[in-house]
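Each remark here refers to the structure printed beneath this line.
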Amino acid sequence: MIFWLATATGLAIAYLFGSVPTGYLAGKLLRGIDIRKHGSKSTGATNVLRILGKWPALAVLLVDVLKGAAAIVCARWLFGWVFTFPSSTPPAALDQQGWIDWAVCLAGLAALLGHALSIWLNFTGGKSAATGLGVLLAMSWPVGLGAAIAFAVALALSRIVSLGSILAALAATALVCILEQPLPYRLLVIAGGIYVILRHRTNIQRLQAGTEPRFGQFSPEPRAEA
């Protein structure tokens with residue numbers, strides 16, 4: 001009973017970490033606007049950059065990364081603590097470390113879903129790229145670092161944030177398959193990479209049409225008064 005209660009609690013906490021609507025809160029606190037009604041309608045850092053400027057966008061980006069990492073750190077700590085109880089044992093098919101790997105995987109997925117489908121925003125949200133980076137860095141830092149480098153290089157060369165996010169997802173998928181990682185981590189990164197790319201499908205259409213805005217191109221609409 002303790003084991004399954006801890007599992008449900010861990011996933012709920014990871015989802016709630018991910019669901020913190022950072023971009024929405026930035027819009028409300030700084031400009032008194034609902035950022036979902038402006039620009040690309042997303043709560044992610046890229047739309048915050050277009051509407052609110054670079055410093056709010058940087059803050060949103062950092063918090064989104066941190067909340068993804070926090071979900072993984074919390075899951076690892078929680079299950080490590082649960083297994084100190086003699087009566088708490090994983091399913092027979094898994095040993096303790098095997099279940100912790102699966103729990104971390106599920107917590108990462110819950111954080112991604114929390115960001116994209118926030119309970120505080122009627123199950124809307126951002127595209128999970130920054131939160132996914134935080135999950136990767138906390139789960140497997142070499143994979144996370146590789147994804148971050150891919151993003152930075154793509155952004156430096158193209159100045160297109162969405163292209164960087166897509167290439168980072170592809171780089172993470174490739175790295176998790178090349179490096180020795182637990183099977184649950186591989187499945188999460190592959191599924192998460194596909195998910196992030198699907199969330200960017202409208203960006204992909206604009207990339208193909210050559211109309212995707214570049215970094216530093218702000219929304220033409222006027223900013224709301226503070």
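None of the values given here were measured: they were computed from a predicted structure.
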Which atom of Pro213 lies closest to which atom of Ile160, heavy atoms considered
O-CG2, 4.2 Å
To check you understand the geometry: which heavy-atom pair defines the closest contact between Leu167 and Ala150, and what is its length?
O-CB, 4.2 Å
Heavy-atom closest pair (Asp64 atom, Thr22 atom, distance to 0.1 Å) is OD1-OG1, 2.8 Å
Starting at CD1 of Ile119, measure out to OG1 of Thr124 and round the result to the nearest 0.5 Å.
12.0 Å
Do Trp102 and Leu187 touch side chain to side chain, with heavy atoms closer than 4.5 Å?
yes
Decide yes or no for Ser162 and Glu212: does some side-chain heavy atom of the first lie under 4.5 Å from some side-chain heavy atom of the second?
yes
Ile33-Leu121 co-clustered via ILVMFWY side chain contacts under 4.5 Å:
no
Heavy-atom closest pair, residues Ala169 and Ile197:
CB-CG1, 4.3 Å
Interatomic distance, NE2@His38 vs CG@Asn47, rounded to 0.5 Å, equals 9.5 Å
So do Val104 and Arg76 actually touch side chain to side chain, heavy atoms under 4.5 Å?
yes
Nearest 0.5 Å, what's the CZ-CG distance between Arg206 and Asn203?
4.5 Å
Is there any side chain to side chain donor-acceptor pair (under 3.5 Å) pair reaching into residues 171-184, and which pairs are they, with sequence neighbours excluded?
Ser140-Gln181
Please name the pair of heavy atoms, one in Tyr15 and one in Ser118, separated by the smallest distance, quoted to 0.1 Å.
OH-C, 3.7 Å
Single-linkage hydrophobic cluster, 4.5 Å side-chain cutoff, Ile51 and Leu30 together:
yes
Using the test salt bridge (charged side-chain N to carboxylate O under 4.0 Å, His left out), find all partners of Lys127 that sit at least two apart in sequence or belong to another chain.
none
Any non-hydrogen side-chain atom of Pro142 less than 4.5 Å from a side-chain atom of Leu179?
yes
Looking at side-chain heavy atoms only, is the closest gap between Phe151 and Val161 below 4.5 Å?
yes
Out of curiosity, Thr131 OG1 to Leu113 CG, how far, rounded to the nearest 0.5 Å?
11.0 Å
As an exercise, state the distance from CG of Leu175 to CZ of Arg186, rounded to the nearest 0.5 Å.
11.5 Å
Within the 4.5 Å heavy-atom criterion, are Asp101 and Pro184 side-chain neighbours or not?
yes
Please tell me if the side chains of Met139 and Leu188 come closer than 4.5 Å, counting only heavy atoms from C-beta onward.
yes
Working note: Leu16 + Trp120, criterion side chain to side chain contact (heavy atoms under 4.5 Å, CB included); need CA distance, chi angles, decisive distance, verdict.
CA-CA 9 Å; Leu16 290 173; Trp120 312 114; 4.2 Å; yes
From Leu207 CG over to Arg201 CZ, what is the distance, rounded to the nearest 0.5 angstrom?
14.5 Å
Contact summary for Leu145 and Leu137, nearest pair of heavy atoms:
N-CD2, 3.7 Å
Remaining members of the apolar cluster that contains Val196, side-chain heavy atoms under 4.5 Å
none
Kindly indicate whether the side chain of Leu61, heavy atoms from C-beta on, has any atom under 4.5 Å from the side chain of Val48.
no
